[in-house]
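Inspection log for the structure reproduced underneath, given as structure tokens.
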Amino acid sequence: MDGNKDEALKCLRIGKDALEAGDRARALKFVSKARRLDPNLPVDDLLSAIERETRQSGTPAGGANEEASKASDHPSVRHRVPSSGSSASSSSSSAAYTEEQVSIVMQIKKKKDYYEILGLEKSCTVEDVRKAYRKLSLKVHPDKNKAPGAEEAFKAVSKAFQCLSNEENRKKYDLVGSDEPVYERHTATRRANGFNGFYEGDVDAEEIFRNFFFGGMPQATTQFRGFAFGPGMGARMGNNDSGGFNVRALVQLLPVLIILLLNFLPSSEPIYAFSKSYPYDYRFVTPKGVNYFVKSTRFEQDYPPSSHERVAFEARVEREYFSLLTQHCRQELQRLQWGFIRETPHCDMLKRFEGVA
């Protein structure tokens, strides 16, 4: 109600100013609106004076009189239009992204050249590529940026980083040219061999992001569609057709050969596990309270309690447990800093373990 009174006083002031300026129609309109907003406002004498002056001057004021009569007949009916400021604030509050995030996504999607996507020159170093990826990937990651097209922009940034962070792939990209994406060129002659340029297949942007921030990005080789680019691969690609075919055939057969060799190697399963799962069904506890599980009851025969072997074994279990907690805690602190998570359970477990130690 206080807001209506303030608005009514404002309309009354505008109406008086219009009356002084000689605009009786405008004055009648705003004074009538003031009474409509606040029926207790003493404006009847002013309205009568405006109407009397309007009739004496001969100016048609049917529309204004009709509005005034409607206002007197229905003083409780109010038609309120929200201001542009309130609508803008409500829309901005409901939006889950900012204009800056939308602008970044649009800029990345407009660019095709990998150097332009990362905002780098061709003379940049690998460290410059990594810094640019670190900065951009955090800005357009779908978990942080909810703007339309953020996922496509995130994939473009990851694809550019994956190419330019590898020396061999970057040389090939620079040789082919940067006016258009590399994977759109020279596809006709290589399609039959199953190799359609550098990045024809979809790139797992999330895996690149996890490897970069949590596991380290391998730089020696980069694999796409089952075909590995490693040191010296560029020279082999320049050989005649028969030589290139032999290399590709060998690479394709390599996983099969590895599987066959593994079948003939002796099994090297771990002696224990930190969680209960078949066949690790038997639970033991170290002196510092670390639970571990082994396969069979013969464990106590091989490692008798209080023996030197048992003490050394459980000390190794505790060291590995501490190492795993430290690694997971470091990852949780990074994700907490970026706002991906709010709790750090492994860090809490690490504190409890260090307290016991």
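In summary, of the residues considered (V317, V294, N291), a side-chain contact (heavy atoms from CB on, under 4.5 Å) with F284 occurs for V294 alone. Here the options are K351, H328, E332, the test is side chain to side chain donor-acceptor pair (under 3.5 Å), and the partner is H346; only E332 passes.
Using modelled atom types, no side-chain atom of D174 and backbone atom of K171 make a donor-acceptor pair closer than 3.5 Å. No side-chain donor-acceptor contact under 3.5 Å links S103 to the backbone of E99. Not a single donor-acceptor pair under 3.5 Å links the side chain of E7 to the backbone N or O of L37. Of the possible polar contacts, one joining the E318 side chain to the K288 backbone as a donor-acceptor pair under 3.5 Å is found. Looking only at distances, a side-chain donor or acceptor of N145 sits under 3.5 Å from a matching main-chain atom of K139. The backbone N or O of T98 lies less than 3.5 Å from a partner atom in the side chain of Q101, making a donor-acceptor pair.
Residue K111 comes nearest to Q107 through the heavy atom pair CG-O, 3.4 Å, listed as atom of the first residue, atom of the second, then distance. Closest of all the heavy-atom pairs between N169 and N166 is N-OD1, 3.0 Å. Shortest non-hydrogen contact noted between E151 and P142 is CA-CG, 4.1 Å. Across all non-hydrogen atoms, the minimal contact from A160 to L118 is CB-CG, 4.0 Å. Shown here for A27 and A18, the closest heavy-atom pair between the two residues is N-CB, 3.7 Å. Looking at every heavy atom in both residues, Y97 comes nearest to P148 through CZ-CD, 3.8 Å.
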Go through it in stages, so that I can follow the logic: the residues are F313 and F299, the test is ring pair (Phe, Tyr, Trp, His ring centres under 6.0 Å), and I'd like the CA-CA distance, side-chain angles, deciding distance and then a yes or no. CA-CA 11 Å; F313 176 81; F299 173 77; 5.2 Å; yes
Could you go step by step and tell me if L120 and Y114 meet the side-chain contact (heavy atoms from CB on, under 4.5 Å) rule? CA-CA 9 Å; L120 299 172; Y114 290 160; over 6 Å; no
Let's go through R26 and I14 carefully: what are the C-alpha distance in whole Å and the side-chain angles of both, what is the deciding distance for side-chain contact (heavy atoms from CB on, under 4.5 Å) to 0.1 Å, and is it a yes or a no? CA-CA 9 Å; R26 178 177 173 84; I14 296 174; 3.7 Å; yes
Where do R310 and E314 land on the salt bridge (charged side-chain N to carboxylate O under 4.0 Å, His left out) test, with the steps shown first? CA-CA 6 Å; R310 180 71 166 267; E314 292 187 339; 3.1 Å; yes
Starting from the C-alpha separation in whole Å, work towards a yes-or-no answer on side-chain contact (heavy atoms from CB on, under 4.5 Å) for F353 and V290. CA-CA 8 Å; F353 180 75; V290 178; 3.5 Å; yes
Quick one, E354 with L350, criterion side-chain contact (heavy atoms from CB on, under 4.5 Å). Give me CA distance, side-chain angles, the key distance, then yes/no. CA-CA 6 Å; E354 291 176 337; L350 181 60; 4.0 Å; yes
Go through the steps to decide whether R170 and Y115 satisfy the test side chain to side chain donor-acceptor pair (under 3.5 Å), and finish with yes or no. CA-CA 10 Å; R170 182 174 175 178; Y115 292 99; 3.0 Å; yes
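For the pair I271 and Y303, the minimum side-chain heavy-atom distance is below 4.5 Å. Q301 is not listed as a side-chain neighbour of S296, based on a closest heavy-atom distance of 4.5 Å or more. With contacts defined as side-chain heavy-atom distances shorter than 4.5 Å, the pair K144/F154 does not qualify. Residues F293 and D281 fail the side-chain proximity criterion, which asks for heavy atoms closer than 4.5 Å. Counting heavy atoms from C-beta on, the side chains of E100 and I104 come closer than 4.5 Å. Residues C124 and V129 have side chains in contact (heavy-atom distance under 4.5 Å, counting atoms from C-beta outward). No side-chain heavy atom of D143 sits under 4.5 Å from any side-chain heavy atom of W338. You'll find the side chain of Y272 reaches within 4.5 Å of the side chain of R316, heavy atoms only.
For the atom pair NZ of K172 and CD of E167, the computed distance is 10.0 Å after rounding to the nearest 0.5 Å. Rounding to the nearest 0.5 Å places SG of C329 at 12.5 Å from CG of L324. A distance of 6.5 Å separates CG of L138 from CZ of F340, quoted to the nearest 0.5 Å. Separating the CE atom in M106 from the NZ atom in K109 is a distance of 8.5 Å, to the nearest 0.5 Å. Note that CG of L164 is 10.0 Å distant from NZ of K122, once rounded to the nearest 0.5 Å. Of the inter-residue distances, the one linking E51 atom CD with L46 atom CG reads 10.0 Å to the nearest 0.5 angstrom.
With hydrophobic clusters built from ILVMFWY side chains whose heavy atoms lie under 4.5 angstrom apart, V43 does not share a cluster with F30. Grouping the Ile, Leu, Val, Met, Phe, Trp and Tyr side chains by contacts below 4.5 angstrom, directly or via other members, places L47 with L12. Hydrophobic clustering, with ILVMFWY side chains joined whenever heavy atoms are under 4.5 angstrom apart, groups V31 together with L9. At a threshold of 4.5 Å between side-chain heavy atoms, the hydrophobic network of Ile, Leu, Val, Met, Phe, Trp and Tyr places Y280 and Y292 in two separate groups. Hydrophobic clustering of Ile, Leu, Val, Met, Phe, Trp and Tyr side chains at less than 4.5 Å, counting indirect connections, unites F274 with L325.
With a 6.0 Å radius and a threshold of 12 heavy atoms from other residues, nucleotides or ligands, K16 has its NZ atom at or below the threshold.
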